[in-house]
Asks: 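Please see the structure below; I have some questions.
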Amino acid sequence: MSDHEQQQLAPRRGRVLDALARAERKVFIRPAPKSAKAQVKFLLTQAKGSTKALAERLGVSRRTVERYRAGTLTTPHKRLRAALAEETESASTADQSTGPRAGSHLRRHDVDVTEHFGFTCKGSSDDGRERTITTAISPTYAQQILELQEAGATEEDLHPIVAKAVTESYFTEWGTCAAGLRADFTDVKAIEFRF
């Protein structure tokens with residue numbers, strides 16, 4: 001199997017999980033390595049020097065890992081570049097002693113979401129439609145989302161809690177209007193969290 005085919009088979013996470021990972025990466029104390037060579041070297045230290053383990057995580061061959069470590073390859077393909085960035089950022093986050101969970105009750109929690117929202121409410125004639133929404137979410141929901149992520153929740157597990165958080169803060173204005181309204185995520189186009 002070629003490196004390109006292996007890269008195509010590398011697992012992808014969903015949009016909500018990716019957004020949570022990006023939010024965590026923004027909380028870094030020190031920047032993660034940027035060049036492919038530096039990223040591979042950093043990841044190899046995390047993998048205790050195992051080129052095989054790192055190759056499997058990245059979806060490439062051991063030889064490809066060795067070439068980037070030696071600097072004979074310097075420009076990864078798009079999928080490998082994304083995998084290197086994600087793995088490096090994730091490993092850097094694990095290395096840091098702080099993160100979005102530390103002191104999260106003191107920070108503002110925002111979500112930007114472009115989604116096809118469907119609605120259910122007594123007497124509602126609103127059909128579902130795509131909306132781009134930016135709203136603050138309660139610290140309680142932010143904590144639940146982070147705890148679910150930490151517990152290994154899937155993308156589908158996170159959709160209802162994120163939809164409920166957005167519904168409460170945006171559509172029902174913290175319970176002051178539209179009692180009984182429920183918005184469901186049916187097709188997430190883009191999402192960003194800011195913790």
Side-chain angles (χ1 to χ4, degrees), residues 1-104 107-114 132 134 142 145-159 162 187-195:
M1 182 179 284
S2 72
D3 286 346
H4 178 71
E5 289 169 329
Q6 288 179 353
Q7 288 176 11
Q8 296 295 328
L9 297 176
R12 290 294 308 144
R13 299 176 352 173
R15 288 192 169 117
V16 174
L17 291 169
D18 284 343
L20 287 168
R22 283 191 305 274
E24 284 183 332
R25 288 189 287 253
K26 290 178 182 175
V27 186
F28 284 159
I29 293 173
R30 66 176 179 245
K34 297 295 179 201
S35 74
K37 180 178 180 178
Q39 288 172 328
V40 167
K41 283 185 173 185
F42 172 75
L43 292 171
L44 279 170
T45 62
Q46 300 295 312
K48 298 183 173 125
S50 172
T51 56
K52 180 180 178 184
L54 181 56
E56 288 173 3
R57 281 174 48 196
L58 296 174
V60 298
S61 70
R62 290 177 78 168
R63 186 68 187 126
T64 298
V65 170
E66 292 165 359
R67 287 178 180 137
Y68 279 103
R69 178 181 56 191
T72 57
L73 288 177
T74 58
T75 309
H77 294 284
K78 184 178 179 181
R79 189 173 289 269
L80 177 56
R81 186 171 50 246
L84 279 170
E86 184 175 318
E87 290 292 330
T88 301
E89 301 282 345
S90 295
S92 293
T93 301
D95 253 10
Q96 303 296 325
S97 59
T98 62
R101 291 161 189 82
S104 62
R107 296 192 180 123
R108 178 183 167 109
H109 310 283
D110 289 336
V111 63
D112 298 323
V113 63
T114 302
T132 300
T134 300
I145 291 165
L146 292 170
E147 287 172 358
L148 282 170
Q149 177 204 19
E150 201 169 273
T154 65
E155 184 79 3
E156 292 74 28
D157 295 335
L158 292 169
H159 280 194
V162 175
D187 185 21
V188 178
K189 304 287 186 201
I191 190 165
E192 269 318 303
F193 290 96
R194 288 185 305 279
F195 295 109

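These figures come from a predicted structure and were not determined experimentally. Just the heavy atoms: all of them, side chains too, but no hydrogens, waters or symmetry mates, feed the values below. Numbers for residues simply follow the sequence, beginning at 1.
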Asks: Under the side-chain contact (heavy atoms from CB on, under 4.5 Å) rule, collect the residues that match up with A38, sequence neighbours excluded.
Replies: P33, S35
Asks: Which residues pass the side chain to side chain donor-acceptor pair (under 3.5 Å) test with T154, not counting sequence neighbours?
Replies: D157
Asks: Could you give the distance from OG (S50) to CD (E56), rounded to the nearest 0.5 Å?
Replies: 7.5 Å
Asks: Search all heavy atoms of R81 against all heavy atoms of P76 and return the closest pair with its distance.
Replies: NH1-O, 3.2 Å
Asks: CD of Q149 to CG of L20: how many Å apart, nearest 0.5 Å?
Replies: 4.5 Å
Asks: What are the two closest non-hydrogen atoms of A55 and R62, and how far apart are they?
Replies: CB-N, 3.7 Å
Asks: Rounded to the nearest 0.5 Å, what's the gap from CG on L58 to OG1 on T64? Could you check?
Replies: 9.5 Å
Asks: Nearest heavy-atom pair of I191 and A19: which atoms, and what distance?
Replies: O-CB, 3.2 Å
Asks: Please assess V16 against I145 for the test side chain to side chain contact (heavy atoms under 4.5 Å, CB included), listing each intermediate value before the final yes or no.
Replies: CA-CA 10 Å; V16 174; I145 291 165; 5.6 Å; no
Asks: Please name the pair of heavy atoms, one in L80 and one in Y68, separated by the smallest distance, quoted to 0.1 Å.
Replies: CD2-CE1, 3.6 Å
Asks: Look up atom CD in Q39 and atom CD in E86, then write down how far apart they are to the nearest 0.5 Å.
Replies: 11.5 Å
Asks: Is there a donor-acceptor pair closer than 3.5 Å between any side-chain N or O of T45 and the backbone N or O of F42?
Replies: yes
Asks: Holding to side-chain contact (heavy atoms from CB on, under 4.5 Å), I want the full list of residues that pass it with L44, two or more places apart in sequence or in another chain.
Replies: V40, T51, L54, V65, R69
Asks: Which value, rounded to the nearest 0.5 Å, describes the distance between L73 atom CG and R63 atom CZ?
Replies: 8.5 Å
Asks: With rounding to the nearest 0.5 Å, note down the distance linking NZ in K41 to NZ in K37.
Replies: 4.0 Å
Asks: Not counting sequence neighbours, which residues clear salt bridge (Lys or Arg N to Asp or Glu O under 4.0 Å) with K189? List them please.
Replies: D187
Asks: Residues two or more places apart in sequence or in another chain: which of them pass side chain to side chain donor-acceptor pair (under 3.5 Å) with T134?
Replies: D112
